[in-house]
Amino acid sequence: MTAPADVRLTLSVPPAAEQISTVRSFAFAVGRQEGLDPEAIEDLKLALSEVAANGIERGGSGIEVSVRPRPRRLEVSVRIPEADGPPAASEIEEIDRSQIVRALFPSVRIDAEAGGITTTFSIERG
């Protein structure tokens with residue numbers, strides 16, 4: 001199923017460990033709705049779990065997941081707002097959890113910006 005270009009599926013949850021299951025459920029629902037194969041859904045769930053856990057460990061003020069369906073892929077963005085401003089760029093590279101996401105999605109981009117960290121990647125359909 002392909003959604004119009006202006007559609008975005010979003011989830012916003014507080015930065016709490018018990019919310020990781022909510023993030024995983026969201027990933028599963030989006031993956032099924034958008035026709036991803038089971039392996040791709042598992043990869044999406046794992047990547048979003050790791051990014052969310054990283055945000056919780058770093059003391060982010062929330063977890064904001066956005067998925068934009070495209071004809072051949074899903075564009076995924078996770079923003080972890082920071083209460084005290086962005087971390088140094090070198091700090092982002094030291095996060096072990098990001099290595100899992102990079103292994104699943106080599107084109108992942110992690111940006112430190114004013115107010116938080118945004119992780120973006122695309123997942124191909126079938």
Side-chain angles (χ1 to χ4, degrees):
M1 171 186 283
T2 303
D6 61 339
V7 169
R8 232 179 245 225
L9 308 167
T10 61
L11 173 71
S12 182
V13 295
E18 60 270 15
Q19 294 299 326
I20 291 181
S21 63
T22 303
V23 171
R24 290 178 63 80
S25 294
F26 176 77
F28 176 78
V30 168
R32 291 233 14 222
Q33 175 181 321
E34 295 302 322
L36 296 181
D37 64 52
E39 185 176 329
I41 291 173
E42 289 302 313
D43 289 350
L44 179 60
K45 287 170 45 181
L46 178 57
L48 291 182
S49 296
E50 293 300 317
V51 174
N54 183 48
I56 292 165
E57 289 171 353
R58 294 178 58 116
S61 64
I63 302 164
E64 302 166 359
V65 183
S66 175
V67 180
R68 179 176 276 168
R70 297 293 190 213
R72 292 189 173 91
R73 68 186 185 285
L74 301 180
E75 294 175 353
V76 181
S77 177
V78 184
R79 185 162 193 285
I80 309 293
E82 296 279 344
D84 299 318
S90 61
E91 195 174 329
I92 293 173
E93 296 302 320
E94 296 172 3
I95 300 168
D96 291 336
R97 291 183 181 278
S98 69
Q99 298 309 314
I100 295 171
V101 180
R102 289 182 206 289
L104 294 169
F105 304 102
S107 64
V108 69
R109 193 175 77 235
I110 302 173
D111 297 311
E113 54 194 31
I117 297 173
T118 301
T119 302
T120 56
F121 60 90
S122 293
I123 183 166
E124 299 297 319
R125 297 176 187 261

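With contacts defined as side-chain heavy-atom distances shorter than 4.5 Å, the pair Ile63/Ile80 qualifies. Between Val67 and Glu34, the closest side-chain pair of non-hydrogen atoms is not below 4.5 Å. The closest side-chain heavy-atom distance from Pro69 to Arg125 is below 4.5 Å. At least one side-chain heavy atom of Leu44 sits less than 4.5 Å from a side-chain heavy atom of Val76. The side-chain heavy atoms of Thr118 and Ser77, taken from C-beta on, include a pair separated by under 4.5 Å.
Once rounded to the nearest 0.5 Å, the distance linking CG of Asp37 with CD of Glu42 reads 10.5 Å. Between Leu104 atom CG and Ile123 atom CD1 the span is 8.5 Å, to the nearest 0.5 Å. Note: Leu74 CG to Arg68 CZ = 12.0 Å, rounded to the nearest 0.5 Å.
Here the closest heavy-atom approach between residue Glu75 and residue Ser122 is recorded as CG-OG, 3.9 Å. Annotation for Thr10 and Ser66: closest pair CG2-OG, 4.0 Å, computed over non-hydrogen atoms. The nearest pair of heavy atoms linking Arg79 to Gly116 is NH2-N, 3.9 Å. Taking each heavy atom of Arg72 and Glu124 in turn, the nearest pair found is O-OE1, 3.3 Å. Pro81 and Gly62 get closest at one heavy-atom pair: CD-O, 3.4 Å.
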Residues 11-21 side chain polar contacts: donor-acceptor under 3.5 Å, at least two apart:
from  : atom 1 : to    : atom 2 : distance (Å)
Gln19 : OE1    : Thr22 : OG1    : 3.3
Ser21 : OG     : Glu18 : O      : 3.2

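Within the structure, the salt bridge (Lys or Arg N to Asp or Glu O under 4.0 Å) test picks out the following pairs touching residues 46-56 (sequence neighbours left out): Glu50-Arg97. Among residues at least two apart or in separate chains, ring pair (Phe, Tyr, Trp, His ring centres under 6.0 Å) pairs with a member in residues 107-126 are Phe105-Phe121.
Phe28 pairs with exactly one of Val23, Leu48, Ile41 by the side chain to side chain contact (heavy atoms under 4.5 Å, CB included) rule, that one being Ile41.
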